[in-house]
Enquirer: 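Take a look at the following structure, please.
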Amino acid sequence: MDYQNELSGKVALVTGGTKGAGRAIAERLLQAGATVIIAARNAPEKENSKLHFIPSDLSKAEGTQKVVSEVLSAYGRLDILVNNLGSSTTPAGGFTALSDEDWESTLQANLLAPVRLDRGFLPQMIDRKNGVIIHIASIQGILPLYDSTLPYAAAKAGLRNYSKSLSNEVSPKGVRVLTVSPGWINTGASKAWLAEIARNANSTVEEAQQGVMQALGGIPYGRPAEPEEVAELVGFLVSPRASYLSGTEYVIDGGTVPTI
Ligand SMILES: NC(=O)c1ccc[n+]([C@@H]2O[C@H](COP(=O)([O-])OP(=O)(O)OC[C@H]3O[C@@H](n4cnc5c(N)ncnc54)[C@H](OP(=O)(O)O)[C@@H]3O)[C@@H](O)[C@H]2O)c1
């Protein structure tokens with residue numbers, strides 16, 4: 001099969017596609033021949049005129065509605081939806097430090113944004129008996145790290161569960177639904193964070209990386225994932241080569257989760 005053109009004629013949306021894993025996924029789908037739309041609050045720093053950018057705050061119902069309307073009026077359909085957006089901005093300090101607003105904003109971005117986008121795009125996928133939806137969760141949905149990421153881990157656990165239920169409902173109607181749960185990814189934000197840890201501890205970036213890996217309980221493969229490695233998995237899952245895959249979860253973590 002010609003992998004270079006295997007998504008030719010397909011229309012794909014990658015949420016949070018301006019940075020990190022989302023950007024790598026968007027570029028991987030472009031390489032495979034898809035028409036790719038990306039949505040985020042701010043325009044991408046790295047310009048790529050082939051990516052159709054829609055500015056939107058997807059943690060708000062109006063933001064998801066705007067993206068659904070613009071995509072369907074510009075292209076008439078969506079074949080591939082990669083719900084990649086996810087973030088955790090809540091403070092450290094345990095459960096008492098977390099307000100209702102912290103919980104609500106985390107649930108909006110990590111759980112309700114995918115739910116609303118799926119609801120907006122599914123009817124035309126079901127009508128055409130064709131479509132793939134990917135939910136990017138996290139190993140924190142299986143292996144919670146408490147403290148500041150408590151709401152994020154709970155939201156990602158909810159996303160995994162919802163993804164499976166949705167697959168049960170729409171797989172018989174021709175739409176595949178899958179979950180991808182990455183471990184630590186070496187994104188631009190992660191690189192900046194490591195550099196800051198190293199600066200504050202007067203250590204090297206390599207030492208800071210070892211410290212983070214230890215806090216995760218170790219990464220057997222010895223390093224975080226590159227965004228392109230996550231993108232390669234997604235590129236396969238949305239392709240015709242994965243035509244029988246639905247309702248399953250793919251953990252990409254270099255062996256971090258210690259259980260089978
Ligand atoms: N990085 C990791 O180690 C790691 C590990 C496990 C799972 N994950 C998951 O992998 C996915 C990608 O993570 P990442 O680290 O690659 O992300 P990232 O580098 O932090 O990029 C986040 C993207 O989402 C956009 N975004 C954030 N809030 C938004 C909002 N309210 N509305 C619209 N767009 C918004 C950002 O652009 P704007 O800020 O301009 O909106 C950006 O494009 C997420 O689901 C994350 O939970 C990441």
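For this chain, numbers begin at 1 and follow the sequence in order. These numbers come from a predicted model, not from an experiment. Below, all heavy atoms of this structure are taken into account, side chains as well, without hydrogens, waters or symmetry copies. Counting convention: from 1, in listed order, for ligands and their atoms alike.
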Enquirer: Are Ile136 and Ile185 linked, directly or through other ILVMFWY residues, by side chains that come within less than 4.5 angstrom of each other?
Expert: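 Yes.
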
Enquirer: Enumerate the atoms of ligand 1 whose separation from the nearest heavy atom of Ala21 is less than 4.0 angstrom.
Expert: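 Near Ala21, the atoms of ligand 1 are 16 (O).
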
Enquirer: Give yes if a backbone or side-chain nitrogen or oxygen of Pro182 is under 3.5 Å from a nitrogen or oxygen of ligand 1, and no if not.
Expert: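 No, Pro182 has no N/O under 3.5 Å of an N/O on ligand 1.
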
Enquirer: Atom NZ of Lys10 and atom CG of Asn5: how far apart are they, to the nearest 0.5 Å?
Expert: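 Taking NZ in Lys10 and CG in Asn5, the distance rounds to 13.5 Å.
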
Enquirer: Could you check which of Ile185, Val180, Thr18, Asn83 puts a non-hydrogen atom nearest to atom 48 (C) of ligand 1?
Expert: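 Going through Ile185, Val180, Thr18, Asn83 one by one, Ile185 has the nearest heavy atom to atom 48 (C) of ligand 1.
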
Enquirer: Show which atoms of ligand 1 fall inside a sub-4.0 Å distance from at least one heavy-atom site of Gly20.
Expert: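 Here the atoms of ligand 1 in question are 16 (O), 19 (O).
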
Enquirer: Write out the residue and atom name of the closest protein heavy atom to atom 34 (N) of ligand 1, then the distance separating them to 0.1 Å.
Expert: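 I find the closest protein heavy atom is Ala40 CA, 3.4 Å.
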
Enquirer: Quick check: are there more than 12 heavy atoms from other residues, nucleotides or ligands sitting under 6.0 Å from NZ of Lys60?
Expert: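 12 or below, so no.
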
Enquirer: Which ligand 1 atoms, with their elements, are less than 4.0 angstrom from a heavy-atom of Gly86?
Expert: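 Selected atoms, number and element: 44 (C), 45 (O), 47 (O).
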
Enquirer: To check you understand the geometry: which heavy-atom pair defines the closest contact between Thr106 and Ala155, and what is its length?
Expert: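 Heavy-atom minimum between the residues: O-CB, 4.3 Å.
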
Enquirer: For Asn200, look at atom CG and say whether over 12 heavy atoms of other residues, nucleotides or ligands are found less than 6.0 Å away.
Expert: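 Yes.
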
Enquirer: Out of Asn42, Asp57, Asn186, who is nearest to atom 38 (P) of ligand 1 when you count heavy atoms only?
Expert: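 Looking at heavy atoms only, Asn42 sits closest to atom 38 (P) of ligand 1.
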
Enquirer: Within the structure, is a non-hydrogen atom of Ser56 found at a distance of less than 4.0 Å from ligand 1?
Expert: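 Ser56: in contact with ligand 1 (<4.0 Å).
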
Enquirer: Could you tell me the residue and atom name of the protein heavy atom closest to atom 35 (C) of ligand 1, and the distance to it rounded to 0.1 Å?
Expert: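 Result: Leu85 CD1, 3.3 Å.
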
Enquirer: Could you list which atoms of ligand 1 come closer than 4.0 Å to a heavy atom of Ser59?
Expert: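 Taking each heavy atom of Ser59 in turn, ligand 1 has 31 (N) under 4.0 Å.
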
Enquirer: Could you walk me through whether Leu81 and Leu117 pass side chain to side chain contact (heavy atoms under 4.5 Å, CB included), step by step?
Expert: CA-CA 8 Å; Leu81 169 56; Leu117 289 169; 4.2 Å; yes

Enquirer: Just need the protein heavy atom nearest to atom 39 (O) of ligand 1, so name the residue and atom and give the distance.
Expert: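 Of every protein heavy atom, Arg41 NH2, 2.9 Å lies nearest to atom 39 (O) of ligand 1.
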
Enquirer: With no hydrogens and no angle check, is any side-chain donor or acceptor of Ser8 less than 3.5 Å from a backbone partner on Gly33?
Expert: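 Between the backbone of Gly33 and the side chain of Ser8 there is no qualifying donor-acceptor contact (under 3.5 Å).
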
Enquirer: Does the residue Lys156 have a heavy-atom contact with ligand 1, meaning some pair of atoms that are separated by less than 4.0 Å?
Expert: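 Checking ligand 1 against Lys156, which is what was asked, there is a heavy-atom contact under 4.0 Å.
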
Enquirer: Looking only at protein heavy atoms, identify the closest one to atom 25 (C) of ligand 1 and say how far it is in Å.
Expert: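 So the nearest neighbour among protein heavy atoms is Gly16 CA, 3.6 Å.
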
Enquirer: Under 4.0 Å between a Lys/Arg side-chain N and an Asp/Glu carboxylate O for Arg28 and Glu228?
Expert: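 Salt bridge absent between Arg28 and Glu228.
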
Enquirer: For the residue pair Asp102 and Ser99, confirm or rule out a side-chain donor-acceptor distance under 3.5 Å.
Expert: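 Asp102 vs Ser99: donor-acceptor pair found between side chains.
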
Enquirer: Would you say Val251 ends up clustered with Tyr162 if hydrophobic residues are merged whenever their side chains have heavy atoms under 4.5 Å apart, either directly or through other cluster members?
Expert: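 Each belongs to a different hydrophobic cluster.
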
Enquirer: Which residue supplies the protein heavy atom nearest to atom 47 (O) of ligand 1, what is that atom called, and how far is it?
Expert: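 Nearest neighbour among protein heavy atoms for atom 47 (O) of ligand 1, to 0.1 Å: Tyr152 OH, 2.5 Å.
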
Enquirer: Scan the protein's non-hydrogen atoms and note whether one is under 4.0 Å from atom 18 (P) of ligand 1.
Expert: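 There is no protein heavy atom less than 4.0 Å from atom 18 (P) of ligand 1.
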
Enquirer: Suppose I only count heavy atoms of Gly183 and a 4.0 Å limit; which atoms of ligand 1 are within that range?
Expert: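 Counting from 1, the qualifying ligand atoms are 3 (O), 4 (C), 5 (C), 6 (C).
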
Enquirer: How long is the straight-line distance from CD of Glu229 back to CD1 of Ile252, given to the nearest 0.5 Å?
Expert: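 Between Ile252 CD1 and Glu229 CD, I get 6.5 Å after rounding to 0.5 Å.
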
Enquirer: On a heavy-atom basis, I'd like to know which of Gly141, Ser138, Ala137, Pro44 is closest to atom 9 (C) of ligand 1.
Expert: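 Answer by nearest heavy atom: Ala137.
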
Enquirer: Considering only protein heavy atoms, which is closest to atom 11 (C) of ligand 1, and at what distance to one decimal place?
Expert: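 For atom 11 (C) of ligand 1, the nearest protein heavy atom comes out as Asn84 O, 3.1 Å.
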
Enquirer: For atom 32 (N) of ligand 1, what's the nearest protein heavy-atom neighbour? Residue, atom name and distance, please.
Expert: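 Looking at atom 32 (N) of ligand 1, the protein heavy atom closest to it is Leu58 N, 2.8 Å.
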
Enquirer: Once you measure the plane-to-plane angle for Trp193 and Trp184, does it fall in the parallel (<30°), tilted (30-60°) or perpendicular (>60°) bin?
Expert: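 Rings of Trp193 and Trp184: perpendicular, over 60°.
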
Enquirer: Minimum heavy-atom separation for Val175 and Ser246, please, with both atom names.
Expert: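 Closest approach of Val175 to Ser246: O-OG, 4.1 Å.
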
Enquirer: Heavy-atom distances under 4.0 Å are what count here, so tell me which part of Ala189 touches ligand 1: side chain, backbone, both or neither.
Expert: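 No part of Ala189 is near ligand 1 at this cut-off.
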
Enquirer: May I ask you to identify the nearest protein heavy atom to atom 15 (O) of ligand 1, giving residue, atom name and distance to one decimal place in Å?
Expert: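 Going atom by atom, the protein heavy atom closest to atom 15 (O) of ligand 1 ends up being Thr187 CG2, 3.7 Å.
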
Enquirer: Check whether any protein heavy atom sits under 4.0 Å from atom 13 (O) of ligand 1.
Expert: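 Flag for atom 13 (O) of ligand 1 set to false, no protein heavy atom closer than 4.0 Å.
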
Enquirer: Donor-acceptor pair, distance only, cut-off 3.5 Å: does the side chain of Ser138 make one with the backbone of Gly141?
Expert: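 Side chain of Ser138 to backbone of Gly141: no pair is present.
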
Enquirer: Which of the numbered atoms in ligand 1 are under 4.0 angstrom from any heavy atom belonging to Trp184?
Expert: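 Per the distance check, 3 (O).
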
Enquirer: Is it the case that ligand 1 has an N or O less than 3.5 angstrom from some N or O of Ile139?
Expert: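 Min N/O separation from ligand 1 is not below 3.5 Å for Ile139.
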
Enquirer: Can you see whether Asn84 engages His135 through a side-chain donor-acceptor pair at a distance of less than 3.5 angstrom?
Expert: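 Absent: no donor and acceptor within the cut-off.
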
Enquirer: Does atom 22 (C) of ligand 1 have any protein heavy atom closer than 4.0 Å?
Expert: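 No, because not a single protein heavy atom sits under 4.0 Å from atom 22 (C) of ligand 1.
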
